[in-house]
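Notes for the one structure printed next.
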Amino acid sequence: MLSAVCVGETMAMLTPVHAVPLHLATELHFGIGGAESNVAMGLAAMGLDTHWISRVGNDGFGTRILHDLRDHGVGVAGVEIDHALPTGLYVKVPAQDSDPDGGSSVLYYRQGSAASAMGRDTLSNPAVSTLLENAALIHLSGITAALSPECLSLLEAILTAPRNGRTISFDVNWREALWAGQDRSVLQRLANLADVVLVGKDEAEHAFGTTDEAELRRLMPDPEVLVIKNEAISAISLDRSGTREEVPALSVAVVEPVGAGDSFAAGYLSGMLFGLGQKESLRRGHVAAACTLTVHGDRGPLPDAAELAAILDSSDAAWAAIHVEDGQFNTRTGA
């Protein structure tokens, strides 16, 4: 079985119950959240032998994270438990009806977290080095680069090591709050060292100063493929030879957008690992994202294997006619 390894921080996530303002909340829902672990759980759901490398505190938050990942079929042998530093935490503040334009927001409590202490020393852990050596895919993100100088050094070490047949993917995952006061130009350098780069068009302006496809490819000439996620419109792949593929997004009755980008990454990367072409891999990404968009939470269940194959093999006209609601893939009447 092909092996994938995802590296990055996962935090405990607290959210006010009943979507009340934080200062009025008497109950908080406890979940977990992390871009790389979301991708890991998505890859595991798609049949890959998947592992997560990180650090957590010796606390209930860290224990919950490890249990949740194991429950989703993700290996955690490469996770170190820190007996001095805590697991990171964030609070999701829901949008309020009284301020519909305000949107939801996030409060981070991750400075000095156990995961922020990852560094080149992490690679000396035998469990970590073995997982990385045996991986067909190593998935990284720009979030980790912003956590600490040590975390940045870890990414540099992984990205500059001999590939030995491995593929390294890098999802930019722009987070404004993490890059405040930091040199964001490191994102371009790191992305250009990867084999596959994923970036949202909305993120590209912040991270790279442009949304122009040709300019983005010029800024990152070395990766085999650059994938640009154009929100609810389409996804575009630009390979190093100049070939461009664009696949329109599916029509979706969106419940919540959280986690859709990570699901897209898992879908696309699994297709690539299974030897599918760019069009098929982009479609696989859209299907995974659609499943997550139609549920509350960071992940939605995929269609069964037969339905997934039929969706992926559909004609362009049939693909354009699909509407996804409540996790169901239906053909729109009159389409």
Side-chain angles (χ1 to χ4, degrees), residues 1-14 30-90 110 112-141 143-145 147-148 150-151 154-155 157-158 161 166-171 173 259 262-263 265-266 269-270 273 288 292 297-299 301-302:
M1 185 185 293
L2 291 170
S3 176
V5 175
C6 302
V7 182
E9 180 172 38
T10 294
M11 295 173 288
M13 176 180 68
L14 301 180
F30 175 16
I32 72 169
E36 301 85 1
S37 58
N38 281 342
V39 174
M41 287 184 274
L43 290 171
M46 292 177 187
L48 291 157
D49 174 33
T50 309
H51 303 266
W52 178 61
I53 289 174
S54 189
R55 305 180 84 250
V56 297
N58 183 32
D59 48 43
F61 290 145
T63 301
R64 170 68 172 272
I65 289 168
L66 295 177
H67 285 177
D68 277 13
L69 284 164
R70 287 194 193 101
D71 288 346
H72 284 85
V74 177
V76 294
V79 179
E80 297 177 335
I81 297 176
D82 193 308
H83 291 264
L85 300 175
T87 303
L89 168 69
Y90 74 107
R110 71 197 309 177
S113 68
S116 71
M118 287 190 294
R120 289 179 183 253
D121 288 349
T122 302
L123 301 176
S124 62
N125 179 331
V128 169
S129 60
T130 299
L131 287 171
L132 293 175
E133 287 167 9
N134 294 332
L137 172 74
I138 300 172
H139 181 68
L140 310 172
S141 94
I143 295 172
T144 308
L147 297 181
S148 68
E150 293 78 15
C151 282
L154 171 64
L155 294 194
I158 293 172
R166 298 172 296 183
T167 295
I168 299 182
S169 55
F170 183 85
D171 195 331
N173 263 318
D262 300 327
S263 292
L269 292 169
S270 67
L273 284 177
T292 293
D298 288 354
R299 290 166 305 283
L302 293 168

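The shown structure was predicted, so the numbers you read here are calculated from the model rather than taken from an experiment.
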From [X] atom [atom1] to [Y] atom [atom2], the distance as rounded to the nearest 0.5 Å:
X	Y	atom1	atom2	result
Arg55	Thr122	CZ	OG1	6.5 Å
Leu2	Leu273	CG	CG	6.0 Å
Arg110	Thr87	CZ	OG1	12.5 Å
Met41	Ile32	CE	CD1	4.5 Å

Could you work out, with side chain to side chain contact (heavy atoms under 4.5 Å, CB included) as the rule, every residue matching [X], not counting sequence neighbours?
X	answer
Ala12	Phe30, Phe61, Leu89
Leu131	Val5, His51, Ile53
Leu85	Asp82, Ala114, Ala117
Ser113	Glu9, Ala115, Ser116

Contact summary for [X] and [Y], nearest pair of heavy atoms:
X	Y	result
Val76	Leu69	CG1-CB, 4.0 Å
Asn38	Asp262	ND2-OD2, 3.0 Å
Ala288	Ser263	CB-O, 3.2 Å
Asn173	Ser141	ND2-CB, 3.7 Å
Gly62	Val56	CA-CB, 3.8 Å
Ser37	Trp52	CB-NE1, 4.0 Å

Salt bridge (charged side-chain N to carboxylate O under 4.0 Å, His left out) with [X]: which residues, sequence neighbours excluded?
X	result
Asp49	none
Glu36	none
Asp68	Arg64

Could I get the full list of side-chain hydrogen bond (donor to acceptor under 3.5 Å, both in side chains) partners for [X], not counting sequence neighbours?
X	answer
Arg120	Ser153
Thr50	none
Ser54	none
Arg166	none

side-chain contact (heavy atoms from CB on, under 4.5 Å) between Ile138 and Ile158, worked out:
CA-CA 9 Å; Ile138 300 172; Ile158 293 172; 4.1 Å; yes
Got a donor-acceptor contact below 3.5 angstrom from the Thr167 side chain to the Leu137 backbone?
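It does not hold such a pair.
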Return each pair, listed once, that meets side chain to side chain donor-acceptor pair (under 3.5 Å) where at least one residue sits in residues 123-138; pairs must be two or more places apart or across chains.
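For residues 123-138: Glu80-Asn125.
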